[in-house]
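Proteins come first, then strands; the chains are lettered A, B, ... in the order of their sequence lines, and each starts at number 1.
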There are 2 protein chains.
Amino acid sequence: MDGKKITLKDIAQATGLSVNTVSRALKDKEDIAEATRKMIQGVAKEMGYVGNSLAGSLRSGLTRTIAVIVGDVANPHFAIMVKDIEKAARKHNYTIIVLNTEEDNELEERAIYTAIGKNVDGIIICPAQHSPDNIRFIQRNGVPFVLLGRRFEGETDFDYVISDDFNGGYLATRHLLENGHEKILLLNGPSRISSARERLAGYKHALKERGIPVVSKLITENGVLTGDARKTVKDLAAEDAGFTAIFAFNDVFAWEAIYMLRKMGHRVPEDYAVIGFDNIQSRNFFPFSLSSISNSKSKMSRRALDILLNKINNPKSGNRYHETVETRLILRESTRSHA
Amino acid sequence: MDGKKITLKDIAQATGLSVNTVSRALKDKEDIAEATRKMIQGVAKEMGYVGNSLAGSLRSGLTRTIAVIVGDVANPHFAIMVKDIEKAARKHNYTIIVLNTEEDNELEERAIYTAIGKNVDGIIICPAQHSPDNIRFIQRNGVPFVLLGRRFEGETDFDYVISDDFNGGYLATRHLLENGHEKILLLNGPSRISSARERLAGYKHALKERGIPVVSKLITENGVLTGDARKTVKDLAAEDAGFTAIFAFNDVFAWEAIYMLRKMGHRVPEDYAVIGFDNIQSRNFFPFSLSSISNSKSKMSRRALDILLNKINNPKSGNRYHETVETRLILRESTRSHA
DNA sequence: TTGTACGCGTTATCAT
DNA sequence: ATGATAACGCGTACAA
């Protein structure tokens, strides 16, 4: 029952034909006797032949595999996008390999190295952004790639699909301002990350538009995988820093913030309004209702894949793809106003 | 800037040495002049050589890649396990490809076919369980595999790592009973799935132990990816089926149940107690505090990988691995009692 | 209609 | 210490 892998050679031996007659029969080529073909296909099926795409890939240089490199698949934001990418890729007969960088530069480098070594046809990467060098390395190797969700402002020849983070930051902040909050804690991500910088810019813009001063103490940077956000909220709330609302870099931070505030005996939204980013709840029916900025993860994922496939199929087109997907304000209870 | 892939041949030409000297120098073999090695490694680095593991794989028959096949990576339960597996695999220099079955038989078959075609060294799969045939197909191809989280009772030669679902079902139900609930809605998964059947058995056992009748109307099956759970809760709560507590197949169902109940104007835990399964909140700090059954996802993931690596490295050992990881009751507010 | 020969990039073996 | 050759499994071009 328990067998070894069947090769064309095995089938050739079994049928007394040559390897490549078998090969062509299985690929439904024309120049083969109908009877022979049926016979070979029957034997192949019976023997459980699966084929070895490796061998073909070595020849063609194509693997029909793409690498998806993200910070952490366990983060729902990435999990959703990875799922979307896998689904779209499957439609085009592509398979994905998933690599986590843990937002670390060396792990990112290693992930890229692995991907290239496995001869993936393309790479979709949410860069950790410690520097553009890792991405340049992809480029140097001639492997098509698309950045997902983050970009390098200085590198105009890196293609990307991002969401409109500036606008998202602006919308979230303006919403809180309109509800009467003037001291807004920005629970931001690390400033090396473009989306964090752009959300911050949106935040500042909203404040300036209303003539509200930007308080640097209320602008905090938090590691994405470290639990920093909880500590920040805890410390600032404990010392009574005066804020009445929180704009979080992502929904995970927002959840942590609310978790911590409640643990400290505060109420949301009564004592503190909280808004997140990513709108994870568009897919999950959580018992808790968190206002958030929607960034169309499906659209981003599918678009990134389309662009990548385009680049794979038209290697020399030289088209530049710098795409920004809209962001929208989604109001739920965590920022409900109390007139 | 934008280059082609560098091969050993390129380096050989650049250095005037033979392909195979270059190969050995890069692999730090002994029988090579120290100076030559340094030189070659220098040139390789400068040219950005990455190597083509495909070619090596063709020779060795090993890809250092394993396939992880799950229902849906966007489900946090799977997302967490995929992350854990990737991390553990990385330590052993393995890469993972991720395939979603969407709990569908044909997609599962296709996923397995793809995995085998790509010559993965092994497969970790959470089977959709429409039948054992797909798994038998893996076996027939001689590819090592481990079932994760589900098993086929009749197939003793399928290795698996599962959680103690019977006990989990028992613990959850007993807890609700101890809090005075006698009509407990079981928001279960599809009965083809072993974990659903085993949790049901635990549920029944707890009821019988207390002499509480099993009401078949309160035992419901719900598709894992379909939103059935919401509808079930809505319908049964609307017709006033008399239950006062819910034991959900997983945390996702539990969230949906609470979402729906609240939407209908009910309170949790005051009107309905709800307990889930998977204890997603061991990793995420959600604002909502859901009682759940913990099933040690890390332990399961890591163990599944260890077993798989064992099977890969000792192909003929013939060891059988049937492992059950403990489940524990985690109490939070969604089942808080009101004495 | 079918078979033979060669190449993809790498590595193991054997020769120099 | 280094080079030549064969082999992995398949596909393509060409020969029979």
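Atom NZ in B:Lys27 sits about 19 Å away from atom P in D:dT2, given to the nearest Å. Per the geometry, CD1 belonging to A:Ile116 stands 14 Å off P belonging to C:dT10, to the nearest Å. For the pair A:Leu8 CG and D:dC8 C1', the interatomic distance rounds to 13 Å; values are reported in whole Å. Between the P atom of D:dC8 and the NZ atom of B:Lys118 lies a distance of 22 Å, rounded to the nearest Å. Remark: P of C:dA12 and CD1 of B:Ile32 are 13 Å apart, rounded to the nearest angstrom. In this structure, B:Glu34 places its CD atom 11 Å from P of D:dT2, rounding to the nearest Å. The nearest whole Å value for the distance from the NZ atom in A:Lys5 to the C1' atom in D:dG9 is 10 Å. The CD atom of B:Gln13 sits 13 Å away from the C1' atom of C:dG9 (whole-angstrom rounding).
Between A:Thr7 and D:dG9 there is no side-chain N or O to OP1 or OP2 distance below 4.0 Å. Between A:Ser23 and D:dG11, a side-chain N or O to OP1/OP2 separation shorter than 4.0 Å is present. Contact between the side-chain N/O atoms of B:Lys29 and the OP1/OP2 oxygens of C:dA12 is found at a separation under 4.0 Å. One finds no side-chain N or O of B:Tyr49 lying less than 4.0 angstrom from the OP1 or OP2 phosphate oxygen of C:dG9.
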Using salt bridge (charged side-chain N to carboxylate O under 4.0 Å, His left out), reason through A:Arg64 and A:Asp121 one step at a time and then give a plain yes or no.
CA-CA 6 Å; A:Arg64 288 202 96 79; A:Asp121 295 343; over 6 Å; no

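Nearer to the 5' terminus of DNA chain D, by closest-nucleotide assignment, is the contact made by B:Arg37 (compared with the other of B:Arg37 and B:Leu58). Nucleotides of DNA chain C nearest to B:Val19 and A:Arg59 differ in position, and the one nearer the 5' end is that of A:Arg59. DNA chain C is contacted by both A:Ser60 and A:Ser18; A:Ser18 maps to the nucleotide lying nearer its 5′ end (nearest heavy atom per residue).
Comparing D:dG9, D:dA13, D:dT2 by their nearest atom to the side chain of A:Arg24 picks out D:dA13. Side-chain proximity of A:Thr36 to C:dT10, C:dT2, C:dC8: nearest is C:dT2.
As judged by a 4.0 angstrom heavy-atom cut-off over every strand, B:Asp31 is placed among the base-contacting residues. Within 4.0 Å of B:Gly51, counting heavy atoms only, lie sugar-phosphate atoms of the nucleic acid but no base atom. Nucleic acid contact class of A:Leu54 (heavy atoms, under 4.0 Å, all strands): none.
Put simply, the side chain of A:Glu108 gets close to the backbone of A:Ala128: a donor and an acceptor are under 3.5 Å apart.
Between A:Tyr160 and A:His322, the two ring planes are parallel [angle under 30°; tilted spans 30° to 60°].
Ion pairing between a basic and an acidic side chain is recognised when a charged N comes within 4.0 Å of a carboxylate O; A:Arg302 and A:Asp84 show no such pairing. Comment: A:Arg136 engages A:Glu155 in a salt bridge, judged by a side-chain N to carboxylate O separation of less than 4.0 angstrom.
With A:Glu102 as the fixed residue, the side chain to side chain contact (heavy atoms under 4.5 Å, CB included) test singles out one of A:Leu225, A:Asp72, A:Val70: A:Leu225.
Side-chain atoms of A:Asn20 and base atoms of C:dT2 include no donor and acceptor less than 3.5 Å apart.
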